[in-house]
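As the structure is a computational prediction, the values presented were derived from the model and not from experiment. Atoms within a ligand are numbered from 1 in the order they appear, just like the ligands themselves.
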Amino acid sequence: MKVTPWEVEGKINYDRLIKEFGTKPLTEKLLKRLEDIVGELHPLLKRGIFFSHRDFDWILDEYKKGNRFYLYTGRGPSGHTHLGHLIPWILTKWLQDKFDAELWFQLTDDEKFLFSQKLELEEANKYAYENALDVIALGFDPDKTFIFTDIDYAGELYPQAVKVAKKITFSTAKAVFGFKNESNVGQIFYTSMQAVPAFLPSVKKGKNIPCLIPLAIDQDPHFRVARDVLPKLGYYKPAILHSKFLPGLGEEGKMSASQPQTCIFTTDKPDEVKKKIWNAFTGGGGSLKEQREKGGKPDICPIYQYYYYLFEEDDEKVKEIYTSCKSGARTCGECKKELIKRINSFLEKHQEKREKARKHLGEFVLKD
Ligand code: TYM
């Protein structure tokens, strides 16, 4: 297994990641505290898709004391958004609604340029605003949501980034991110940019404000560094909620744009979705007869996981999909057909909202 901000490979062992990354499991007790405050739990929390955290208990303590937090998350715009990216953003939207919190959303066009062999800076910047449409389409509050690209908001970000950079040695960057002598110097500096939105609102408002960052666990290393540095600059350490990865449609690995055939983009047409799902790996038997006799294996099946992560909100129904697959009553064909319908119905609405969002970009975007 390999999990870095730029590569996720192999079969992911999430318990091992908690140990290796030094995070804490998101326990029932902690979730209950959250539920007591907001009255319910999002399925992504109830189902353990968000599974780990840093200082989430502290965020709730501060909230109880009247010290409210803001949210921060982001996207590296190397192409169109895929369904996996939506996981942290959906929870972020729920948290914005429940806590009436601001969201600061960073689009790292600089990062994607520095880490890609092919992508030009201008292309990454263009994708940033395409990705922003997906964020807006999820329904974030325009009065409380600030979206910016590193390049177009550099005037605000850069003076803070150099303060972070001065506190990070090359040997720390190398140890955390595995840089080599051949790595370009922009890559080595980059983590300083990702740290800035974790305290920028505190700078702007002239007082320390707690920050909560929902993300998938691949992005945690950046904030391990930021959490060391920020107290040295006089700011709180940001708190984090970590999610698991929505799998790709292949046998192993997370949904990733680098494998477009096993990845569903929010811009995909109904026919593309249909084709990708029909070609997907499943936990089914070799033949229909075998599957009816022996049952399927939902635990290793990406199709089942899509219901579990995003496309079946009802806990009882998701259980039923699981048990009927295991018993052989539900076939892969039926399961795929239904999923195609659900994904396409979601995408149809999402794409409509995405197009409408073009007119509203100005209400969300910060530029120098
Ligand atoms: P990026 O563009 O790789 O990913 C955007 C967000 O999506 C999460 N993610 C996934 N979540 C679930 N299932 C998947 N298959 C999946 N693939 C990606 C990522 O963890 C991330 O939360 N450097 C960052 C951009 C960034 C950022 C941030 C992310 C800047 N500031 C603050 C999180 C928080 C990047 O390239 O993300």
Side-chain angles (χ1 to χ4, degrees), residues 3-9 12 14 17 21 44 47 49-52 54 70-93 95 103-116 119 124 127-128 130-132 134-135 138 146-151 153 157 161 164 177 187 190-200 211-227 238-250 252-260 262-266 302 305-306 308-310:
V3 178
T4 78
W6 301 286
E7 267 176 300
V8 176
E9 275 171 15
I12 316 288
Y14 290 103
L17 277 180
F21 282 17
L44 289 170
R47 294 185 187 171
I49 293 161
F50 277 81
F51 71 106
S52 154
R54 292 186 189 269
Y70 73 95
L71 296 155
Y72 159 39
T73 195
R75 157 80 179 135
S78 53
H80 280 300
T81 300
H82 63 58
L83 293 180
H85 299 134
L86 300 185
I87 303 276
W89 306 351
I90 288 170
L91 189 77
T92 304
K93 156 78 171 106
L95 289 165
L103 165 64
W104 289 68
F105 195 102
Q106 181 180 38
L107 293 155
T108 57
D109 40 5
D110 56 343
E111 175 195 13
K112 290 296 136 170
F113 170 63
L114 288 165
F115 284 86
S116 156
L119 195 70
Y127 274 127
E130 284 296 309
N131 295 166
D134 291 295
V135 177
L138 294 179
F146 309 97
I147 305 178
F148 47 92
T149 90
D150 284 353
I151 296 296
Y153 200 46
L157 299 171
V164 176
F177 299 107
Q187 293 179 342
Y190 167 72
T191 193
S192 320
M193 289 296 281
Q194 190 155 327
V196 174
F199 66 99
L200 188 64
C211 169
L212 174 63
I213 315 177
L215 40 64
I217 196 156
D218 59 330
Q219 293 296 318
D220 181 75
H222 286 296
F223 298 107
R224 225 178 294 153
V225 176
R227 281 167 53 87
I240 303 174
L241 284 172
H242 303 99
S243 83
K244 298 179 179 172
F245 303 108
L246 182 74
L249 291 163
E252 218 171 50
K254 76 164 189 120
M255 180 168 283
S256 165
S258 59
Q259 290 170 41
T262 59
C263 171
I264 294 175
F265 296 96
T266 58
Q305 297 298 328
Y306 287 25
Y308 188 80
Y309 273 66
L310 285 174

If you take the nearest heavy atom of each of Leu83, Leu86, Leu246, which one is closest to atom 13 (N) of ligand 1?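 Of the listed residues, Leu246 has the closest heavy atom.
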Heavy-atom proximity to atom 2 (O) of ligand 1, best of Met193, His222, His85, Arg75: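 Among Met193, His222, His85, Arg75, the closest heavy atom to atom 2 (O) of ligand 1 comes from Arg75.
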With atoms numbered from 1 as shown, which atoms in ligand 1 lie under 4.0 angstrom from a non-hydrogen atom of [X]?
{"X": "Lys244", "value": "12 (C)"}
{"X": "Lys112", "value": "36 (O)"}
{"X": "Gly76", "value": "1 (P), 2 (O), 25 (C), 35 (C), 36 (O), 37 (O)"}

Ligand 1 and [X], any nitrogen or oxygen pair closer than 3.5 angstrom?
{"X": "Gly84", "result": "yes"}
{"X": "Glu111", "result": "yes"}
{"X": "Gly74", "result": "no"}

With a cutoff of 4.0 Å, is [X] in contact with ligand 1, counting heavy atoms of the residue only?
{"X": "Trp6", "value": "no"}
{"X": "His82", "value": "yes"}
{"X": "Pro88", "value": "yes"}

Do you know the tightest heavy-atom contact between Pro214 and Tyr72?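 Distance-wise, the nearest heavy atoms are CD-O, 3.5 Å.
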Indicate the atoms forming the closest heavy-atom contact of Phe105 with Val135, along with that distance.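 Of all heavy-atom pairs spanning Phe105 and Val135, the closest is CZ-CG2, 3.5 Å.
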Is [X] touching ligand 1 with its side chain, its backbone, both, or neither, if touching means heavy atoms under 4.0 Å apart?
{"X": "Phe223", "value": "side chain"}
{"X": "Ile213", "value": "side chain"}
{"X": "Met255", "value": "both"}
{"X": "Ala216", "value": "both"}

Tell me, which protein residue and heavy-atom name are nearest [atom], and how many Å apart are they?
{"atom": "atom 30 (C) of ligand 1", "value": "Gln106 OE1, 3.2 Å"}
{"atom": "atom 19 (C) of ligand 1", "value": "Asp218 OD1, 3.7 Å"}
{"atom": "atom 18 (C) of ligand 1", "value": "Lys254 NZ, 3.4 Å"}
{"atom": "atom 3 (O) of ligand 1", "value": "Gln219 NE2, 4.0 Å"}

Return the set of residues passing ring-ring contact (aromatic ring centres under 6.0 Å, His included) with Phe177 (not counting sequence neighbours), or none when no residue passes.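 By the ring-ring contact (aromatic ring centres under 6.0 Å, His included) rule, Phe177 matches Trp6, Phe179, His222.
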Hey, are the side chains of Phe199 and Pro238 touching, using non-hydrogen atoms and a 4.5 Å cut-off?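 Phe199 does not reach Pro238 side chain to side chain.
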Find out whether Asp150 and Val196 are in side-chain contact, i.e. whether some heavy atom of one side chain is under 4.5 Å from a heavy atom of the other.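 Not touching, per the 4.5 Å side-chain cut-off.
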Does a side chain donor of either Asn131 or Thr81 reach within less than 3.5 Å of an acceptor in the other side chain?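 Yes, because at least one side-chain N or O of Asn131 sits under 3.5 Å from a partner of the opposite role on Thr81.
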Who are the side chain to side chain donor-acceptor pair (under 3.5 Å) partners of Arg54, not counting sequence neighbours?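 Per chain and number, Arg54 pairs via side chain to side chain donor-acceptor pair (under 3.5 Å) with Asp220.
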Could you give the distance from CG (Leu83) to OG1 (Thr266), rounded to the nearest 0.5 Å?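 The distance works out to 7.5 Å.
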Given 3.5 Å as the limit, does a donor-acceptor pair link the side chain of Arg75 with the main chain of Ala128, or not?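 Pair absent, no side-chain N/O of Arg75 close to backbone of Ala128.
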